[in-house]
**Q** 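There's a structure below that I have some questions on.
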Amino acid sequence: MKTKAFQKIYTHIENITKATCTIKAEGITNEEMAYVDGRPAQVVKINRDYVTMQIFPGTQGVATNAEVVFTGKPPTIKVSDELRGRFFNAYGEPIDDGPPVEGEEREIGGPSANPVRRKQPSELIATGIAGIDLNNTLVTGQKIPFFADSDQPFNQVMADVALRAKADVIILGGMGMANDDYLYYKAVFDNAGALDRIICFMNRTDDPPVERLLVPDMCLTSAEYFAQDKKMKVLVLLTDMTLFADALSIVSNRMDQIPSKDSMPGSLYSDLAKIYEKAVQFPDGGSITIIAVTTLSGGDITHAIPDNTGYITEGQLYLRRDTDIAKVIIDPFRSLSRLKQLVIGKKTREDHGQVMNTCVRLYADAANAKTKLENGFDLTDYDQRCLDYAKEYSKKLLAIDINIDIDKMLDTGWEILAKYFTKEEVAIKKEIMDKYWKG
Amino acid sequence: MSTKGKVVGIVANLVTIEVDGPIGQNEICYIDLSGVKLMSEVIKIVGNLAYVQVFESTRGLYVGCNVEFMGRMLEVAMGPGMLSRNYDGLQNDLNKLTGVYLKRGEYSEALDPEKKWHFKPSAKKGDTIIAADWIGEVLEGWIPHKIMVPFNYKGTGTIKSIASEGDYTVHDEIAVVVDENGEKRKLDMTMKWPVKVEVSCYVNKPRPFKILETSIRTMDTLNPIAEGGTGFIPGPFGCGKTVLQHEISKNAEADLIIVVACGERANEVVEIFKEFPELDDPRTGRKLMERTIIICNTSNMPVAAREASVYTGMTIAEYYRMMGLKVLLLADSTSRWAQALREMSNRMEELPGPDAYPMDLPAIVANFYSRAGFVTLNNGETGSITFIGTVSPAGGNLKEPVVESTKKAARCFYALEQNRADSKRYPAIDPIDSYSKYLEYDEVREYLDEKIEKGWVDKVLKLKDILLRGKETRDQINILGDDGVPIEYHIIYNKAEIVDFCILQQDAFDKIDASTSLERQRYMVNLILDICNSSFDFDNFEEVNTYFKKVINQIRQMNYQEFKCDTFNEMEKDLNKLLEEKRLSEFSRREQLMEEVLDEKRED
Ligand SMILES: Nc1ncnc2c1ncn2[C@@H]1O[C@H](COP(=O)(O)OP(=O)(O)O)[C@@H](O)[C@H]1O
Ligand SMILES: [Mg+2]
C-alpha cells in the first residue's frame, strides 16, 4: 500500500472490536475505503469526529498505534475489456499472476437503473435441461437462484447452464467457495474453450468471510460495464449467497444491531435486493442475468436467507434427488421461473403452456398416489398409471442430465401423456388437443 | 428565516443533525453534499439534535455538511396531469429523470408546469365555498378533473373572481377567494398536501354497501370486496400475490387505479409500463394506462422512500376521491414498508416489538387502512377508495406481526396458500380460511339481491359449505382410503372439486378466462349449484372420479369460450347430455344424511 500526498493518515486507534475499529478523524466520508495496518476497511459509522470502520480481514493483531490510511473514496474497480479472462480476489486484485487491469475506475454498488429505462425481458435462454426450459423457462435479464442442499450437484448444473446460455461474458462470483470447486469451474470453462469469456471474483473458504461482502458488487459493476457500455449479454453466477448472508450477519452482530429472524440483520431483504435487482434488460440489447446458489440446510426454505431470496428473485430452481429413478431432478413443484410466461407460447410453441401445466398436475396426482401407497391403501387404476407416468416423466424430462431442444421436450411430453392417460384426464384446451394429441 | 443545521453523525441512512432553530417532527430537510441535495425527513428530535432518515444513499456524506429545513412535512403536489404517470415514492416523474441510472439528488416536477388545460368554471363570483368544493373542471384524459378549493382552506370563503373558460397552466391564477376575515387567497389548479395526513374534508364516511367488481371469481363470488372497502392478500413468495394484484388492476371496475409498487421487483413494474399502454380496459375500451397511476419504489430504490410511497399513493387516491371518483389503490407489498420502518427503528435503537418490528406497527397499519372508504362529498356526490395490499410474511407464516396487524385493520382476507399454488390451483386463494366481512353487512346483501339475484348471498354460503365438506371428505378419504369411506364421500368430495376447478380456479393468462363478468359468475354459480344439488347414479368410487373429471373438463372448456357464443352453447348442450347420463330424479337420501352429519360435526 503506497500512500499518496492527499491521503489522511492516523496512528491512534481508540476502540477495537472483532470486526471494527474506531478512530478520531476529521473530514472522512461515509462508506469510504481505508487501510488499517495494511488491511482493507470501510467506514460504516461516523459520530462527530469518531469514525468506525469495518475491517474486512478482521482485527486480529491490530494494535492501537497501527497506521490508518483513508483513501477518500468508496471501493472501486477499474473496468475495461482487459477484465475478460482474468481472476481476482474480493478487492479486484489479480490472483492469476497477471498484471493489474487498466481502465475506467468506477465505484462499486452504484445506483440502480431507472425502472422506466428498463426493457421487459423477452429473450429466452435455452439450457437444454427440460426441468428448466420446459417447466421453468429462463430469460435474459432474469435473476434466479438454485435452492439446493450443499451435497447436491449445483456447481455442475450452473456450469452447464452458463456454457449453454450463449452469454458474451460470464462473471463468476465465488463466496466461501471450496478450492476444489474453484478449480472445477476453471477446468470446465477451460475445456469448453470459454476462458476468454470468463471473469472471476473469488473469495474462497480460507479467505476472511467478511471480504465476501464485496464480491457481488465487484461482479455487478463489471457486469454493468459490459451490459450497458458494450451492450453485451452478461451472465453473472453468484455462489454461495447463503455464505454472503452469513457474512452480513457477522458484521451486524458485531455492530450490536438487533437481529431479526434467524439472527439475520433486519435489513437482509434490502441488502439482497440491492444485488439481485442489478439484473436488467436494457432496450439496446445489453443485459445482466443473475444465476445464484442459495444453499439450504436440510431443505428448509423458511429460513430467513432462502425466504428473503425467494421474495426478491424471479423464481427459484430446486434440485432434488428422485430415488425412483436414482437421478437428480429439477423439482417441478417448488421450482418456478416467474418470467417464463414472457416467452412460453410466444417464443416457444403454442402448446408449451398447456403441456407444461398438465404434466406437472399429473405429476402431483402421482405424488398423491404415492402417499396412498405409503399409507398402505389400495391404488386405483388411475393411481397406478400416474405412478408409471411419473417415473417416465422424471427420467425423460426432469432429470438434470437431459440436453434436448424445446420442441423435442414438448413432443416427449405429448408422447408420455398419451401413453398413460385418456383425453379427458389430460383435460387440455380443445384447439390444442386436436392439433397435438398423440393418442 | 428557515432553520439550518450541520451533519454530526451518519449510520447508513440515519443521519444526525445539529440544528440552530426550531424544527418539527416529520419536517423535510435537504442535506447539501457538495451541491447535491439529499432529501430527508425528521423522525426523532432530542434537544438540538435532529435524527433524519435520508431518502437517498448517504455514501460520501461527511460531518459538517450543511442542512436546510423546509418548514413543511413530506407533501405531494396535486392537480391535472397525474394520470398515466410513473412516479417514484417521492412523486418524482420517472420519465422526466435523465439517464439510465437514478442519480441521487435529482428531483423532477410532478406536474407539467407548461401544459395548458382547458378550464371550465362551474362556480361563479359571489358563491360561498369551503375546502374541497368544486369550482370548475378540466378534461384530464377522459376524467373530468374537478378543480377544487384547496383542502387546507379554513372556514367559509366567497369567490371574488373566477377565470372564464379558457386554457391555463396549472400555476395560472384561476380564482381569488376571500375568507370571513376579508383575507384574500389566489387559487391556481394545484394544491399541496402532507402525505401522512388524511384528506378528510368530506361530509361523512358511511359503511360501504356496493360491491367492487374485480372479475376474479374467487373474490367476487365467494368473498367480494366492497367499493370503499379494504382487503389484503398475504402469502408466501411465488403463490401469486403480484399476479393477482395485476389481474385486479386490469379488470376491476374502477375509474382510477393507483398501483404502488413498494419494495418489490422492478421487472414487475416494467410489465405494467409495457402492457398497460397496450391493453384495453374491458369496460370502456380505453387503454388501461389511461386510468392508471404508478407509484414505484422498487426494492433497490432507497429504503426510506418506500414508506413514503404508500402514503403518496394514498394521498393521490384521496385527491381523486374528492372528485367523486371510484379509486382502487393497490400496494405490493406492505410488508416491505413495515420492514423499512423496522430498519429505521433498529438503527435508532428503539425498544423492539415482536420480530424486531416497531411497537406501534399495528397502529400505523390501522391508521393507513382507515384512510380508505366510501365518502359523501360536500355536494352530495360520492367517491371511494378501495384498498388492497399484499403482505409477504416471513417463511409464509401467517402468525407474524405484519399479517396480524393487517388482519385487524382490513375487512377482506385473501390468504394465498402454498399447497394450492404448488398444485397450480390459481389463484391460490384458500377458499376456506379467506373471508369477506362485507358478506355479513345487511346493506351488501340487499345490494347483491338487487344487482345479481335475490338470495345471492345464501347461494354463496352454500358454495362455501360445499367446499368445506369437500375438504372434510378429502381428509377422511386420505385417512381411511378410497375403499374405507362410503361412496357418497367421493361424490361430496368431487362436487367440491367442481366448485374449485370451475369457479375458483381461473387462468390469468387466458384472454377469456382471466376476466368473468358478474352475469357470467351468476350463470356459473347456478349451473354448478344445480349439479351439486343433484344426485348421480354410481356403482363404485372409481366411476365417480372418472365421471366428475369429465364434467369438470367440460365446464373448464366452456370457461375458455366467449360467454354464450356458439361453441359455448354447443358445449353447454354436451354438458347437459353428460349430466343426464347419470343424474337421478331425486336427491339421494344417503348423501343428504352424510352432508348433515358433516355439518353437525363441524358445528360441535
Ligand atoms: N392466476 C394465476 N394463473 C397462472 N399462474 C399464476 C397465477 N398466479 C400466479 N401464477 C404463477 O405464479 C408465479 C408467481 O406469482 P406472483 O404473483 O409473482 O407471486 P408472489 O407475488 O406471491 O410472490 C407467476 O409467475 C406465475 O407463474
Ligand atoms: Mg410478488
Side-chain angles (χ1 to χ4, degrees), chain A residues 26-31 44-49 74 110-121 141 228 257-261 266-267 269-270 273-274 277 282 302 304 307 310-312 314-315 333-334 336 338-339 341 353 357 360-361 364 372 377-378 380-382 424-425 427 429-430, chain B residues 8-11 16 57-63 86 94-95 97 99-104 236-238 263 265-267 269-271 273-274 296 298-301 303 336 339 342-343 346 352 355-356 392 394-397 422-424 478 481-483 509 542 545 549-550 552-553 556-557 560:
Chain A
E26 273 173 21
I28 303 304
T29 63
N30 194 27
E31 297 184 17
V44 288
K45 183 175 174 177
I46 304 176
N47 186 7
R48 297 196 191 255
D49 50 0
S112 37
N114 183 343
V116 302
R117 305 276 179 263
R118 285 170 176 257
K119 183 176 173 253
Q120 190 173 33
Q228 209 225 324
Q257 280 166 13
I258 307 159
S260 64
K261 204 167 164 275
S267 59
Y269 177 84
S270 307
K274 251 176 103 172
E277 278 294 332
F282 290 116
T302 61
D307 186 50
Y311 277 116
I312 294 163
E314 281 147 351
F333 294 145
R334 307 301 294 280
L336 167 73
R338 290 165 184 267
L339 301 186
Q341 49 259 28
N357 286 333
V360 176
R361 179 169 51 82
K372 264 194 203 172
F377 295 126
D378 292 342
T380 65
D381 162 60
Y382 177 76
E424 284 82 22
E425 286 164 339
K429 215 163 150 179
K430 192 167 169 305
Chain B
V8 294
I10 309 155
V11 197
T16 326
S57 155
T58 54
R59 179 178 274 183
L61 203 61
Y62 53 91
V63 166
N86 307 317
L94 286 169
N95 292 82
L97 298 176
V100 171
Y101 295 99
L102 295 166
K103 284 190 276 290
R104 61 179 169 168
F237 63 80
R265 305 175 184 86
N267 275 338
V269 197
V270 176
E271 191 177 321
F273 293 156
K274 163 131 199 278
C296 151
T298 57
S299 57
N300 53 341
M301 285 158 83
V303 178
R336 306 297 163 225
Q339 286 177 341
R342 174 169 73 183
E343 282 184 32
N346 292 358
D355 285 4
S392 322
N397 168 18
D422 285 350
S423 50
K424 315 279 175 214
N478 285 345
D482 290 325
D483 286 325
F509 304 117
E542 289 204 43
N545 293 337
K549 276 218 175 75
K550 278 192 204 157
I552 288 173
N553 181 34
R556 275 169 70 102
Q557 299 289 353
Y560 285 123

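Lettering follows sequence order; numbering is per chain, from 1. Quantities reported herein were computed from a predicted structural model and do not represent experimental measurements.
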**Q** Between A/V44 and chain B, which part of the residue has a heavy atom less than 4.5 Å away: side chain, backbone, both or neither?
**A** backbone
**Q** Under a 4.5 Å heavy-atom cut-off, does chain B meet the side chain of A/Q120, its backbone, both or neither?
**A** both
**Q** Answer yes or no: is there a side-chain heavy-atom contact under 4.5 Å between B/F237 and A/D307?
**A** yes
**Q** Within this structure, what is the OG-CD1 distance for the pair B/S392 and A/I312, rounded to the nearest 0.5 Å?
**A** 10.5 Å
**Q** Treating A/N114 as the side-chain partner and B/L94 as the backbone partner, does any N or O pair qualify as donor plus acceptor under 3.5 Å?
**A** yes
**Q** Examine whether an atom of A/D49 lies under 4.5 Å from a heavy atom of chain B, and if so say whether it belongs to the side chain, the backbone or both; otherwise answer neither.
**A** neither
**Q** Check A/A273 against B/N300 and note the closest heavy-atom contact, atom names and distance.
**A** O-CB, 4.3 Å
**Q** B/G99 and A/R117: which non-hydrogen atoms are nearest, and at how many Å?
**A** O-NE, 3.1 Å
**Q** Quick one: which of B/G60, B/A394, B/S57 has the most heavy-atom pairs under 4.5 Å with chain A, could you say?
**A** B/G60
**Q** Measure distances from A/I28 to the heavy atoms of chain B and classify the residue's part below 4.5 Å as side chain, backbone, both or neither.
**A** backbone
**Q** For chain A, which candidate among B/K274, B/R556, B/K424 shows the most heavy-atom pairs at distances under 4.5 Å?
**A** B/K274
**Q** With a 4.5 angstrom heavy-atom cut-off, could you sort out which part of B/N397 is near chain A: side chain, backbone, both or neither?
**A** neither
**Q** Out of A/K274, A/K430, A/R361, which one racks up the most heavy-atom pairs below 4.5 Å with chain B?
**A** A/K430
**Q** Can you tell me if A/Y269 uses its side chain to pair, donor with acceptor, with the backbone of B/G263 under 3.5 Å?
**A** yes
**Q** Can you name the closest pair of heavy atoms from A/R338 and B/G238 and give their distance?
**A** NH2-N, 2.9 Å
**Q** In the structure I gave you, are the side-chain heavy atoms of A/Y382 and B/N545 within less than 4.5 Å of one another anywhere?
**A** no
**Q** When heavy-atom pairs shorter than 4.5 Å are enumerated against chain A, which of B/L102, B/T58, B/V11 gives the highest number?
**A** B/L102
**Q** Please report the shortest heavy-atom distance between B/N478 and A/F377, naming the atom on each side.
**A** O-CE1, 3.2 Å
**Q** Can you say whether B/E343 sits under 4.5 Å from chain A via the side chain, the backbone, both, or neither, judging by heavy atoms?
**A** side chain
**Q** Kindly give the heavy-atom pair with the smallest separation between B/R342 and A/G266, and that separation in Å.
**A** NH2-O, 3.8 Å
**Q** Heavy-atom pairs under 4.5 Å with chain B - which of A/E31, A/K429, A/E277 has more of them than the others?
**A** A/E277
**Q** Need one label for B/D483: side chain, backbone, both or neither, based on atoms under 4.5 Å from any heavy atom in chain A.
**A** side chain
**Q** Against chain A, label B/R336 side chain, backbone, both or neither, depending on which of its atoms sit under 4.5 Å from a heavy atom there.
**A** side chain
**Q** Around B/K549, counting heavy atoms of other residues, nucleotides and ligands shown, do more than 12 lie under 6.0 Å from its NZ?
**A** yes
**Q** Side chain from CB out, backbone as N, CA, C, O: work out which of these in A/R118 comes under 4.5 Å of a heavy atom of chain B, or both, or neither.
**A** both
**Q** Using a 6.0 Å cut-off, check whether atom NZ of B/K103 has over 12 heavy atoms from anything other than its own residue.
**A** yes
**Q** B/D482 versus chain A, heavy atoms under 4.5 Å apart: side chain, backbone, both or neither?
**A** side chain
**Q** Please determine, among A/K119, A/E425, A/R334, the option with the most heavy-atom pairs under 4.5 Å with chain B.
**A** A/R334
**Q** Does any heavy atom of chain A fall under 4.5 Å from the side chain of B/V303, the backbone, both, or neither of them?
**A** side chain
**Q** Between B/R265 (side chain only) and A/Y311 (backbone N and O only), is there a donor and an acceptor less than 3.5 Å apart?
**A** yes
**Q** With respect to chain A, which residue among B/V63, B/I10, B/L61, B/V270 yields the maximal number of heavy-atom pairs within a distance under 4.5 Å?
**A** B/I10
**Q** With only heavy atoms counted, which part of B/N86 is less than 4.5 Å from chain A, the side chain, the backbone, both or neither?
**A** side chain
**Q** Count the heavy-atom pairs under 4.5 Å between each of A/T302, A/V360, A/I46 and chain B, then report the option with the highest count.
**A** A/I46
**Q** Of all of A/R48, A/K45, A/E26, which one pairs up most often with chain B through heavy atoms under 4.5 Å apart?
**A** A/R48
**Q** Does any heavy atom of chain A fall under 4.5 Å from the side chain of B/T16, the backbone, both, or neither of them?
**A** neither
**Q** Can you tell me which portion of A/P115 sits under 4.5 Å from chain B's heavy atoms? Options are side chain, backbone, both or neither.
**A** both
**Q** Can you see which heavy atom on B/A356 is nearest to which on A/P259, and at what distance?
**A** CB-O, 4.1 Å
**Q** Go through A/A364, A/A427, A/A113 and name the one with the most non-hydrogen pairs under 4.5 angstrom from chain B.
**A** A/A113
